[in-house]
Amino acid sequence: MVLRRTDDTVILHARPGKVVAPYWMDLALAGITLRAGTVLDGEAVIWREGRLDFGAAQSRAASSVTRARALAARHPASCACWDLVQHPDPAISDTRTLPYTERRARLLELLAEGGPPLQPVPATDDRDGAEHWYKALQAQGLEGVVAKQGAAAYPSGRRGWVRSATLTPPTVWSSSSRGPGSARNTWPWWSATRTAG
């Protein structure tokens, strides 16, 4: 989901480009607290009984607007924010060319003012920490991790990260060839995530 705060409203887009704010009005209302010009990349999630309930999120997304609003009243959503696409400061604005580590720092600054239901996903550059999260957070419905290159720009129109339901080094703690010769870039940023679907 992409959350775009304009001068007078909040627009939520699903990955295919469909406007979904009427189904996630609780997130749109939370987004109004952000400064105009902010664009976030994230995922709508619903917590129920101490766990992420992806079935509830999918049910709301597939329902009518009237039913979605009734579901929101019973089970409010949160937006797990992955990345910052655009910063509200005109001097910064489009952040897609910045390294992930810099976008992440600016995302944390922006979201520090508000808190839930708009919140950054946990992230670390420590493999042992990521492995601990992977094991501990499964009980809360998280099924895997995402690894992003710390120096990578935002991957507009393509996937720029690796996701896995395991933390085996060949699967996630991997490297990729980029640039001339055998230059290698590791994937040091780990985020807890849902991996199914």
Side-chain angles (χ1 to χ4, degrees), residues 1-47 52 57 60-61 65 68-69 72-73 75-126 129-130 133 142 145-163 185 187-194:
M1 170 183 294
V2 174
L3 183 153
R4 179 181 306 273
R5 172 66 163 98
T6 67
D7 287 334
D8 56 355
T9 194
V10 173
I11 302 168
L12 301 174
H13 292 274
R15 291 285 178 251
K18 177 183 175 185
V19 174
V20 295
Y23 303 91
W24 301 99
M25 193 54 71
D26 45 349
L27 297 181
L29 289 173
I32 208 78
T33 64
L34 297 169
R35 296 188 322 203
T38 301
V39 179
L40 304 175
D41 184 0
E43 181 174 3
V45 295
I46 296 175
W47 286 92
L52 287 175
R60 190 192 306 184
V65 171
R69 291 187 179 166
H75 304 292
S78 291
C79 184
C81 299
W82 303 108
D83 216 328
L84 176 65
V85 180
Q86 184 171 311
H87 195 279
D89 182 342
I92 301 167
S93 196
D94 188 350
T95 60
R96 292 176 294 176
T97 60
L98 299 176
Y100 174 69
T101 52
E102 189 173 336
R103 293 191 318 274
R104 171 82 182 167
R106 292 181 187 278
L107 173 70
L108 294 176
E109 290 171 11
L110 283 174
L111 295 180
E113 301 167 8
L118 304 177
Q119 50 204 2
V121 295
T124 184
D125 60 357
D126 175 49
W133 287 347
L142 297 169
V145 295
V146 166
K148 293 185 176 188
Q149 291 180 312
Y154 184 82
S156 295
R158 62 181 174 76
R159 190 163 161 185
W161 42 269
V162 176
R163 69 181 180 179
N185 294 304
W187 298 80
W189 287 87
W190 299 85
S191 298
T193 185
R194 171 183 76 95

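As the structure is a computational prediction, the values presented were derived from the model and not from experiment. Here, residue 1 is the first one in the sequence, and each next residue gets the next number.
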Taking C-beta and beyond as the side chain, do Met1 and Leu27 meet within less than 4.5 Å on heavy atoms? yes
Determine, for Asp26 against Arg60, whether the closest basic-nitrogen to carboxylate-oxygen distance falls under 4.0 angstrom. yes
Hey, could you give me the CH2/NE2 distance between Trp47 and His75, rounded to the nearest 0.5 Å? 15.0 Å
As an exercise, state the distance from CG of Leu107 to CD of Gln119, rounded to the nearest 0.5 Å. 11.0 Å
Where Val39 and Arg4 come nearest, the two heavy atoms and their spacing: CG2-NH1, 3.5 Å
For Thr9, does its backbone N or O pair with a side-chain atom of Thr6 as donor and acceptor, under 3.5 Å? yes
Considering non-hydrogen atoms only, spot the tightest contact between Gly42 and Trp82 and give its length. CA-CD1, 3.2 Å
If you compare all heavy atoms of Ala28 against all heavy atoms of Val10, which two are closest, and at what distance to 0.1 Å? O-CG2, 3.4 Å
Determine the minimum heavy-atom distance between Asp94 and Gln86, stating which atoms define it. N-CG, 4.2 Å
Distance from Ile92 atom CD1 to Arg106 atom CZ, nearest 0.5 Å? 3.5 Å
Is any side-chain heavy atom of Leu34 closer than 4.5 Å to a side-chain heavy atom of Leu111? yes
Donor-acceptor under 3.5 Å (Glu43 side chain, Ala80 main chain): no
Determine the minimum heavy-atom distance between Tyr154 and Asp83, stating which atoms define it. CD1-OD2, 3.4 Å
Cys81 versus Leu3: any side-chain heavy-atom pair under 4.5 Å? no
Identify the two heavy atoms, one from Ile32 and one from Asp8, that lie closest to each other, and give their separation to 0.1 Å. CD1-O, 4.4 Å
Thr38 (side chain) donor-acceptor with His87 (main chain) under 3.5 angstrom: no
OG1/Thr97 to CZ/Arg103 distance, rounded to the nearest 0.5 angstrom? 9.0 Å
Any non-hydrogen side-chain atom of Leu40 less than 4.5 Å from a side-chain atom of Leu84? yes
Would you confirm whether Thr33, through its side chain, and Ala30, through its main-chain N or O, come within 3.5 Å as a donor-acceptor pair? yes
Side chain Arg5, main chain Arg35, donor-acceptor under 3.5 Å: no
